**Q** 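Below you will find the structure I want to go over with you.
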Amino acid sequence: MSALLTFLLGNPTLLGIGAAVLAALGWGVRQRLAGERSERARQAAAEATAHDIADQVQNDIGALPAATARKELKSWARD
């Protein structure tokens with residue numbers, strides 16, 4: 001076992017190939033994590049926009065008198 005380990009660690013070509021493979025794997029993991037962060041940020045921005053619109057609608061409905069709000073909302077109800 002130690003002879004195999006000595007051969008692998010003593011061979012510069014195998015060390016270079018191993019280092020390249022590890023570097024490629026590390027780069028791939030980093031890119032995947034960056035994509036994940038980017039997607040989370042995009043979804044958070046979309047949710048913030050949706051919350052802003054929902055708040056505006058809620059404020060608009062709250063500002064209407066009750067009878068007018070019922071009449072406006074009745075057009076959205078299914079019969």
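None of the values given here were measured: they were computed from a predicted structure.
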**Q** Can you measure from CD1 (I17) to CG (N11) and round to the nearest 0.5 angstrom?
**A**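 Spacing of CD1 (I17) from CG (N11) equals 8.0 Å.
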**Q** With the threshold set at 4.0 Å, does a side-chain nitrogen-carboxylate oxygen contact exist between R32 and E36?
**A**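 No, R32 and E36 are not salt-bridged.
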**Q** For atom CD of Q31, is the number of surrounding heavy atoms from other residues, nucleotides or ligands below 6.0 Å larger than 12?
**A**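 Result for CD/Q31: enclosed.
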**Q** How long is the straight-line distance from CG of L64 back to NZ of K71, given to the nearest 0.5 Å?
**A**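 Taking NZ in K71 and CG in L64, the distance rounds to 10.0 Å.
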**Q** Looking only at the side chains, is there a donor atom on one of Q43 and E39 sitting less than 3.5 Å from an acceptor on the other?
**A**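 Judged by distance alone, the side chains do pair up.
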**Q** Looking at every non-hydrogen atom in both residues, tell me the closest pair between L14 and L8 and how far apart they are.
**A**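 That closest heavy-atom pairing would be CD1-CD2, 3.6 Å.
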**Q** When rounded to the nearest 0.5 angstrom, what distance separates CD in E47 from CZ in R42?
**A**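 The distance works out to 10.5 Å.
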